[in-house]
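Note that ligands are numbered from 1 as they come in the structure, with each ligand's atoms numbered from 1 the same way.
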Amino acid sequence: MIEISFTKMHGLGNDFILINCIEQPEIINLELEDLSKTLCHRRFGIGADQILLLCPSEIADFKMKIYNADGSEVEMCGNGIRCLAKYIWDRGLSKKDILEIETLAGIIKPERAGDMVKVDMGEPILEPEKIPVAIESPPPIIDYPLQIEEKNFKITCISMGNPHAVIFLNEEVSDFPVSTYGPLIERHPIFPNKTNVEFVNVQSRTRLSMRVWERGSGETMACGTGASAVGVAAMLKGLTERNISINLLGGDLLIHWHANNHVYMTGPAVEVFQGIVHYSAAYRKDRRRHPRRSCSIAIEFSEKGKSRSIPCTCIDISESGMGITSDYELEIGQIISFKIKDVQHPKSAVVIWSKKDQCQYRAGLMFI
Ligand SMILES: N[C@@H](CCC[C@H](N)C(=O)O)C(=O)O
């Protein structure tokens with residue numbers, strides 16, 4: 001059982017469990033799919049649509065990893081990145097007004113905009129093979145006919161880093177059976193990576209209303225990438241201007257498809273509460289980048305801020321970490337210092353797992 005500190009946040013009711021993996025680096029070593037499924041569960045967990053992991057990045061200010069409630073890892077989350085930016089600013093983790101956040105969809109830039117957060121969502125992707133959607137037709141895919149049971153839909157396909165199928169309805173979106181057709185379209189074989197599905201009504205040339213069925217999470221109160229895709233779809237079809245507001249179940253987002261081809265999304269981000277969850281951790285199978293050599297070397301370590309030396313045995317070692325056995329129990333996240341005679345290695349490590357093994361303790365350490 002490990003303790004995980006988290007912050008519950010939402011963007012227009014699309015809710016997130018944000019975990020700071022810079023402060024808790026051991027989290028990255030967990031089975032993250034299991035973690036997301038467990039924590040997002042609305043009855044047995046904390047409850048959320050997605051988990052967001054704040055991580056260090058080598059190419060941007062920070063990295064955001066995102067997992068849906070069903071455990072699937074996703075490329076991008078528009079409401080999530082506004083919440084992540086607010087978390088970073090509120091805790092003084094960066095003084096920059098425009099952040100660069102690495103995601104699986106590339107580097108996305110959230111910017112302070114008064115009480116709101118404006119996000120440069122990048123350029124929409126229209127090529128069918130990149131969305132991806134198995135339709136052999138030149139881009140853009142607009143109003144492609146798709147029959148689902150007795151209903152004939154027309155889908156407009158766009159990727160904002162993640163896939164979206166946008167459907168403009170003649171009937172009222174507020175009464176539409178989103179939870180009947182959403183999952184059938186999400187898993188339709190023409191979407192090899194599944195898809196998010198947006199159902200839309202046009203109110204005027206500057207205002208739309210929509211509901212969204214999110215891939216891997218079900219119907220949510222809002223979706224930032226979804227609203228961006230809907231804005232692009234409406235503009236491609238000539239239904240609206242390039243600067244519009246979109247009403248979702250949780251409130252409004254502003255979408256601007258700029259002449260530079262970037263989509264800008266503006267909306268709120270809210271922190272709800274902080275907490276600590278006790279989690280029965282499953283660890284990732286061995287995905288080490290550096291192979292470990294077995295050994296048996298007696299070493300001593302000391303805990304950060306303490307001078308007492310504690311004996312232990314190093315039982316395997318690689319470029320990035322080592323395994324030890326000791327009579328002393330170490331805690332996950334604890335930082336220790338040590339020295340191994342005649343071996344070149346960093347002098348500090350963080351404990352990424354720890355368990356009792358018969359009458360001794362075993363721990364995995366990552367060099368820092
Ligand atoms: N809620 C998000 C999108 C989250 C990911 C999505 N469910 C997917 O699987 O692509 C947003 O605000 O963009």
Would Y181 and F153 count as a close aromatic pair, with their ring centres under 6.0 Å? yes
With a 4.0 Å cut-off on N to O distance, would you call E73 and K65 a salt bridge? yes
A student checking ligand 1 against N79 at a 4.0 Å heavy-atom cut-off should list atoms 11 (C), 12 (O)
In this structure, atom 6 (C) of ligand 1 is nearest to the protein heavy atom N196 OD1, 3.3 Å
Does the N or O separation between C77 and ligand 1 drop below 3.5 Å for any pair? no
**OP:** Please confirm whether R215 comes within less than 3.5 Å of ligand 1 when only nitrogen or oxygen atoms on both sides are compared.
**Re:** yes
Original post:
With a 4.0 Å cut-off on heavy atoms, does G216 reach ligand 1?
Top reply: no
The atoms of ligand 1 lying under 4.0 Å from a heavy atom of M76, numbered in the order shown, are 3 (C), 4 (C), 5 (C)
Closest heavy-atom approach to atom 13 (O) of ligand 1 among V74, L253, T225, N193 is made by T225
Do the side chains of E171 and K151 get close enough for a salt bridge, i.e. N-O under 4.0 angstrom? yes
min-distance protein heavy atom vs atom 12 (O) of ligand 1 -> G224 N, 2.7 Å
Q. Can you find a heavy atom in the side chain of E331 that is under 4.5 Å from one in the side chain of S354?
A. no
If we number the atoms of ligand 1 from 1 as shown, the ones under 4.0 Å from a heavy atom of G78 are 11 (C), 12 (O), 13 (O)
Report task. May I ask you to check whether N261 and E123 show a side-chain donor-acceptor distance below 3.5 Å? Result -> yes
Does NZ or CZ of K118 fall inside the cone over Y264's six-membered ring, less than 6.0 Å from its centre and within 45° of the axis? yes
Ranking E214, E73, K194 by closest non-hydrogen atom to atom 4 (C) of ligand 1, top hit is E214
- Query: Under a heavy-atom criterion of less than 4.0 Å, does N68 contact ligand 1?
  - Reply: yes
Exercise for review: May I ask you to decide whether K130 forms a salt bridge with E75, counting only side-chain N to carboxylate O separations under 4.0 Å?
Suggested key: no
Problem set entry | Pi-cation contact, F191 with R187 (under 6.0 Å, within 45°) | no
